[in-house]
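Accompanying notes for the structure given below.
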Amino acid sequence: MKIINNLSGLLVLLFLGVTSYSCDQEETMIFDTDGSVYFTAVDYTYSFLNYPGKQVDTIKLPVQIFGVAADVDRFVKIELVTDDTSKVNTAPEELYRLLEGVVPANEQSGFVALELKYADDLKDTVFSFHVRIIPNDDFKDVSYNRRIVEVLFTAMEIRPENWNNCLAFFWGDYSTRWWKFIKEATGRTSIPYWSGNTDTETWWVSDSEFEALQVVVKRALKKYNETHETSLTHDDGPSKGKEVQILY
């Protein structure tokens, strides 16, 4: 019995040693590599309706890296996806331009910039195109995770990019009617709030300012529901036909 117990103990120690070695090896492979870069989302939405008067705008698609941060800026290259029949590009090429991306020194995240141009066709159309991260001297291996993102842009009402990433945690599901109501209640054409996003040029509304906007929207919704026979409901989206609910 003593021999069996000793043997069992040795097997456990051997298993733990192998497991520890495997984890160390995996950690080394991930964090001691030159790194890889990927998009943090599968799509990005933009509407010129939220920025009246703009004819040209630059958007920044968020990217993240695998591996350790570098002490120098690293650049991210992209291309238009034209070799995948499942990725249909409907946007006229004269309405957008692919720019360069960067992961700043000592950072784990960065962005890829694109230029979008306004056209009257956008008043009743949502155009889309797909871009893909490609290898370059700074990121030679880009085979991990999300390499492709779809960009959708229009001059109609469309779910703003920061809704699912931020606003949904406070205002629940998106719908066209609900988004219009929020903008009318706040007297704004957009709510550029995205807590924690490093692109403060695009997402510049502070936490305190957003808290004030929350109070305004809550009061407006309460007043609407008290002065109408039926409460405000979603006209489309995942909660179509259901009453609008503020989560926070």
Side-chain angles (χ1 to χ4, degrees), residues 30 33-51 54-67 69-70 73-104 107-166 168 174 192 194 197-199 201-203 237-238:
I30 293 176
T33 179
D34 287 336
S36 182
V37 63
Y38 61 96
F39 289 115
T40 61
V42 297
D43 60 39
Y44 190 103
T45 57
Y46 176 94
S47 178
F48 280 97
L49 185 63
N50 296 335
Y51 307 94
K54 279 209 170 184
Q55 297 296 307
V56 180
D57 203 358
T58 299
I59 61 173
K60 297 177 180 178
L61 314 182
V63 297
Q64 195 84 15
I65 66 167
F66 279 125
D73 290 350
R74 288 187 286 178
F75 296 97
V76 183
K77 299 287 186 181
I78 58 173
E79 67 178 5
L80 184 69
V81 178
T82 59
D83 57 356
D84 187 340
T85 55
S86 67
K87 305 290 188 292
V88 179
N89 301 317
T90 62
E93 292 192 20
E94 64 269 18
L95 293 187
Y96 63 90
R97 186 162 64 98
L98 309 187
L99 305 176
E100 199 168 54
V102 64
V103 176
E107 297 290 343
Q108 292 284 337
S109 59
F111 63 85
V112 169
L114 304 172
E115 184 180 86
L116 302 179
K117 296 180 180 180
Y118 176 82
D120 286 340
D121 288 346
L122 292 168
K123 292 179 180 179
D124 57 12
T125 307
V126 177
F127 284 130
S128 71
F129 61 95
H130 299 76
V131 295
R132 172 168 51 209
I133 297 174
I134 57 176
N136 67 356
D137 290 339
D138 290 329
F139 295 103
K140 295 181 174 64
D141 184 0
V142 292
S143 59
Y144 299 113
N145 274 12
R146 293 181 285 267
R147 292 180 58 196
I148 297 176
V149 66
E150 181 182 18
V151 179
L152 302 101
F153 66 110
T154 183
M156 303 189 301
E157 292 288 4
I158 191 173
R159 172 181 54 80
E161 179 58 26
N162 61 329
W163 190 279
N164 286 346
N165 294 291
C166 188
Y174 171 84
W194 190 336
N197 194 305
T198 57
D199 178 16
E201 184 178 347
T202 302
W203 312 105

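All values below come from the heavy atoms of this structure, side chains included, with hydrogens, waters and symmetry mates left out.
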Practice task
Of all the heavy-atom pairs spanning N165 and E161, show the shortest one and how long it is.
Solution key: ND2-O, 2.9 Å
Practice task
Scan residues 144-153 for pairs that pass salt bridge (Lys or Arg N to Asp or Glu O under 4.0 Å), counting only residues two or more places apart or in two chains.
Solution key: none
Problem - Nearest-0.5 Å distance, OH of residue Y44 to NZ of residue K60 - result: 9.5 Å
Completion exercise
Interatomic distance, CD@E115 vs CZ@R97, rounded to 0.5 Å, equals 4.0 Å
Handout entry: Test applied, side-chain contact (heavy atoms from CB on, under 4.5 Å); reference residue, R132; option that passes from I78, V81, V142
Key = V81
Fill in the blank from the handout: Contacts of S109 meeting side-chain contact (heavy atoms from CB on, under 4.5 Å) (sequence neighbours excluded), chain-then-number -> Q64, T198
Handout entry: Inter-residue atom distance T45.OG1 - I158.CD1, 0.5 Å rounding
Key = 5.0 Å
Handout entry: Contacts of F111 that satisfy ring pair (Phe, Tyr, Trp, His ring centres under 6.0 Å) - sequence neighbours left out
Key = none
Exercise for the section: Would you please name every residue forming a side-chain hydrogen bond (donor to acceptor under 3.5 Å, both in side chains) with D199, sequence neighbours left out? Expected result: T202
Exercise for the section: Could you tell me which non-hydrogen atom of A69 sits nearest to which non-hydrogen atom of Q108, and how far apart they are? Expected result: N-NE2, 3.5 Å
Exercise for the section: Heavy atoms only: give me the nearest V112-V63 pair and the separation to one decimal. Expected result: CG2-CG1, 3.9 Å
Practice task
Kindly write out the residues that satisfy side-chain contact (heavy atoms from CB on, under 4.5 Å) with V149, not counting sequence neighbours, or none if the list is empty.
Solution key: F39, L61, V131
Problem - Pairwise side-chain contact, P160 with Y174, heavy-atom cut-off 4.5 Å (strictly under) - result: yes
Exercise for the section: Using the test side-chain hydrogen bond (donor to acceptor under 3.5 Å, both in side chains), find all partners of S86 that sit at least two apart in sequence or belong to another chain. Expected result: D84
Practice task
Before giving the answer on side chain to side chain contact (heavy atoms under 4.5 Å, CB included), spell out for D138 and V76 the whole-Å C-alpha distance, their side-chain angles and the decisive distance to 0.1 Å.
Solution key: CA-CA 7 Å; D138 290 329; V76 183; over 6 Å; no
Handout entry: Enclosure of D137 CG (heavy-atom neighbours >12, cutoff 6.0 Å)
Key = no
Exercise for the section: Just say parallel, tilted or perpendicular for the rings of F129 and Y96, cut-offs at 30° and 60°. Expected result: parallel
Exercise for the section: For T90, check side-chain contact (heavy atoms from CB on, under 4.5 Å) against everything at least two apart and list the hits. Expected result: V88, F127, S128
Fill in the blank from the handout: Of all heavy-atom pairs linking G110 and P104, the shortest is CA-CD, 4.1 Å
Exercise for the section: Would you check if I133 and V37 make a side-chain contact, meaning some heavy-atom pair closer than 4.5 Å? Expected result: yes
Practice task
Go through the structure and list residues passing side-chain hydrogen bond (donor to acceptor under 3.5 Å, both in side chains) with R159, not counting sequence neighbours.
Solution key: none
Fill in the blank from the handout: Distance col, row T154:OG1 vs D124:CG, nearest 0.5 angstrom, shows 8.0 Å
Fill in the blank from the handout: Taken in chain and number order and not counting sequence neighbours, the residues that satisfy ring pair (Phe, Tyr, Trp, His ring centres under 6.0 Å) with Y51 are Y46
Practice task
Using the side chain to side chain contact (heavy atoms under 4.5 Å, CB included) rule, take I148 and K87 through it: C-alpha gap first, then chi angles, then the decisive distance, then the call.
Solution key: CA-CA 9 Å; I148 297 176; K87 305 290 188 292; 4.2 Å; yes
Exercise for the section: Check whether any side-chain heavy atom of H130 sits under 4.5 Å from a side-chain heavy atom of V151, and report yes or no. Expected result: no
Handout entry: Between CZ on residue F48 and CZ on residue F153, distance to nearest 0.5 Å
Key = 7.0 Å
Completion exercise
E100 meets the salt bridge (charged side-chain N to carboxylate O under 4.0 Å, His left out) criterion, sequence neighbours left out, with K77
Exercise for the section: With sequence neighbours left out, write down each residue that passes side-chain contact (heavy atoms from CB on, under 4.5 Å) with Q55, or none if nothing qualifies. Expected result: Y118
Practice task
With rounding to the nearest 0.5 Å, note down the distance linking CG in N136 to CZ in R74.
Solution key: 10.0 Å
Exercise for the section: Ignoring hydrogens and angles, tell me if any N or O in the side chain of N162 forms a donor-acceptor pair with the backbone of W194 under 3.5 Å. Expected result: no
Handout entry: Side-chain heavy-atom pair Y38, I65 within 4.5 angstrom cut-off
Key = no
Handout entry: Which atom of L99 lies closest to which atom of T58, heavy atoms considered
Key = CD1-CG2, 4.2 Å
Exercise for the section: Quick one: list whatever passes side-chain hydrogen bond (donor to acceptor under 3.5 Å, both in side chains) with K117, sequence neighbours left out. Expected result: none
Exercise for the section: Return yes when atom CD of E201 has more than 12 non-hydrogen atoms of other residues, nucleotides or ligands closer than 6.0 Å, and no otherwise. Expected result: no
